[in-house]
Amino acid sequence: MALTILKGAILSAPALGRLEVTEGGYLIAEDGVITGTFPALPERYAGAPVEDFGGALILQAPADLHLHAPQYPMMGMGMDLPLLDWLNTYAFPTEARFADPGYAREVYRCLAEDLIANGTTRVCMFSSLHREATLILMEELEKAGVTGYVGKVNMDRNGGENLQETTEESMAETLRWLEECGDFRHIRPIVTPRFTPSCTDELMAFLGRLAAERGLPVQSHLSENTAEGDWVRQLHPDCGQYWETYDKYGLWNGRTVMAHCVWCDERERRAMKDAGVTAVHCPDSNQNLCSGVSPVRVLLSEGVKVALGTDVAGGDTLSMLDAASSAIRASKARRILDGWGTDFLTAAEAWYLATSAGAEFFGEKPGFAPGNALHALVLDDSRLLQPHPLTPEERLERCLYHRQPGAVRAVWSAGRRAR
Ligand code: GUN
Ligand code: FE
């Protein structure tokens, strides 16, 4: 049996707003599966090798529930346009380059390594529409130690000249991709209609049937931007609201993640809660593309499942620590816009959204629960100046706000040492 014993300031967020801290504690996994967090080394492990990280923070590794792999080369570019113009001018031409497997290999190797360097070990990710590049992405993530879901994107309308499939191609390539991606251990497929404007009714119906028949999860975009919402209403006069364009085709259930959800009204939010759909809040992207300020606190208080995403490259950072502090800032903007009527997120709440809330989509229990695969991140903040000795909770807050290149000292992903 392979034993992993990590010693340090162990901190997890097992519930919204609750942190569990064991300073000088031991986080133990057997064959990559957590057995527990202990204040002292249990007798049965006496004499076993311990990896002692001193006073460093040992945190849950975060889960990024929404990002676009083929947009990584243009991260931080084209931030001068709103969503729909940005897609046509920057994102689609960049994604079109992934018809070239050599280019895909180069970019995806770099992306996979950079995710681990940032401590992200679980992702729910969009590829491009290209089957071959999608398989390369899955391979590179697997190799680097990233786990989670990757989707070959489906788009049979409104992609322009170089980024569009016929309906038949989209269906056939999706089936072939599913056949060819059966061998990955830690990376699994997710059905990915890009968003309603990208998919004909026929393609949506096919994807809904496919997800149901094979028990596959689904990811897409919902109510991100007002122009997008207007367009969806024009395309679907038969549907009263955006979410119904997914529900109509069986793409709306407890295995669905929807990115953004900035403009969902009360009825759309209730539909999310009733179906168990997870909303992925992407605060950096929402601000960069002038999409809006998501009412995250309202979503949470109404019982909608919420997780966090970077939405690279609408978002400008791979770091989920940055995404967590952005979520706090966005919730403060929302509070101001709401006439001070809604609470902002605390650091503990934002960190819960970045970790346990996302891990739930992968079937894990919150925090460092026994039975979970070990996903952990060692953060060394010892080089930061301190005005006074900080508590672990204060150190977490600082790590969310204060970028510290090189602070990620070690990473475990699904029980394996990834860095
Ligand atoms: N909606 C459809 N495609 C995209 C995308 O690539 N990024 C974002 N932010 N929204 C989208
Ligand atoms: Fe997105």
Side-chain angles (χ1 to χ4, degrees), residues 64-98 111 123-130 133-134 137 149-160 162-165 190-199 203-204 207 218-232 235 242-243 245-246 251 256-264 278-294 307-318 320 323 326 330 358:
D64 186 344
L65 275 245
H66 183 71
L67 72 164
H68 297 261
Q71 294 173 14
Y72 191 45
M74 53 169 272
M75 191 168 75
M77 290 173 62
M79 307 268 87
D80 52 348
L81 290 175
L83 174 68
L84 299 176
D85 298 328
W86 175 81
L87 285 175
N88 289 323
T89 312
Y90 293 103
F92 289 177
T94 303
E95 291 192 22
R97 291 207 53 195
F98 288 78
L111 170 64
V123 294
C124 199
M125 190 183 257
F126 280 53
S127 177
S128 58
L129 60 76
H130 311 97
T134 304
L137 172 60
Y149 295 118
V150 168
K152 177 217 164 307
V153 169
N154 296 97
M155 44 195 303
D156 67 343
R157 63 177 178 186
N158 297 316
N162 297 317
L163 198 70
Q164 196 165 295
E165 318 156 290
I190 182 166
V191 172
T192 308
R194 181 173 203 121
F195 68 156
T196 295
S198 295
C199 298
L203 183 56
M204 287 291 230
L207 295 173
V218 173
Q219 63 179 351
S220 195
H221 294 89
L222 180 74
S223 297
E224 175 176 3
N225 157 296
T226 51
E228 171 211 23
D230 293 342
W231 193 15
V232 169
L235 291 167
Y242 196 163
W243 69 276
T245 66
Y246 297 114
L251 295 160
T256 302
V257 276
M258 284 288 162
H260 303 295
C261 309
V262 174
W263 294 98
C264 300
T278 300
V280 189
H281 178 38
C282 305
D284 279 313
S285 169
N286 295 158
Q287 196 155 16
N288 286 336
L289 301 178
C290 291
S291 297
V293 185
S294 168
L308 273 193
T310 59
D311 193 28
V312 161
D316 54 75
T317 170
L318 273 187
M320 288 296 290
S326 289

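Since the model is a prediction, treat every value here as computed from it, not as a measurement. Note that ligands are numbered from 1 as they come in the structure, with each ligand's atoms numbered from 1 the same way.
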Looking only at protein heavy atoms, identify the closest one to atom 3 (N) of ligand 1 and say how far it is in Å.
R194 NE, 2.9 Å
In chain order, what residues pass the side chain to side chain donor-acceptor pair (under 3.5 Å) check against D80, with sequence neighbours excluded?
Y90
Just to be sure I understand the site: which N, O or S atoms from the protein are less than 2.8 Å away from the Fe ion (ligand 2)?
H66 NE2, H68 NE2, H221 NE2, D311 OD1
With under 30° as parallel and over 60° as perpendicular, where do the rings of Y246 and Y242 fit, or are they tilted in between?
parallel
Ligand 1 atoms in contact with L87 (distance to a heavy atom under 4.0 Å):
2 (C), 3 (N), 4 (C), 5 (C), 6 (O)
Could you list which atoms of ligand 1 come closer than 4.0 Å to a heavy atom of D311?
8 (C), 9 (N)
List the closest protein heavy-atom neighbour of atom 7 (N) of ligand 1: residue, atom name, distance to the nearest 0.1 Å.
H68 NE2, 3.5 Å
Atoms in ligand 1 with a heavy atom of W86 nearer than 4.0 Å
7 (N)
Within ligand 1, which atoms have a heavy atom of L83 less than 4.0 Å away?
8 (C), 9 (N), 10 (N), 11 (C)
Protein heavy-atom partner closest to atom 11 (C) of ligand 1 - residue, atom, separation in Å:
H221 NE2, 3.3 Å
Hey, could you give me the CZ/OG1 distance between R194 and T196, rounded to the nearest 0.5 Å?
13.0 Å
In the protein, which heavy atom is nearest to atom 10 (N) of ligand 1, and how far is it?
E224 OE1, 2.7 Å
Does atom CD of E165 have more than 12 heavy-atom neighbours from other groups under 6.0 Å away?
yes
So is H260 close enough to ligand 1, meaning a heavy atom under 4.0 angstrom away?
yes
So is E95 polar-close to ligand 1, meaning N/O to N/O under 3.5 Å?
no
Between D64 (side chain) and T310 (backbone), is there a donor-acceptor pair under 3.5 Å?
yes
Report yes or no: does F126 have a heavy atom closer than 4.0 Å to ligand 1?
no
So the atoms of ligand 1 within less than 4.0 Å of a heavy atom of Q71 turn out to be 5 (C), 6 (O)
Compute the centroid of each ring, for F126 and then for H221, and state whether the two points are separated by less than 6.0 Å.
yes
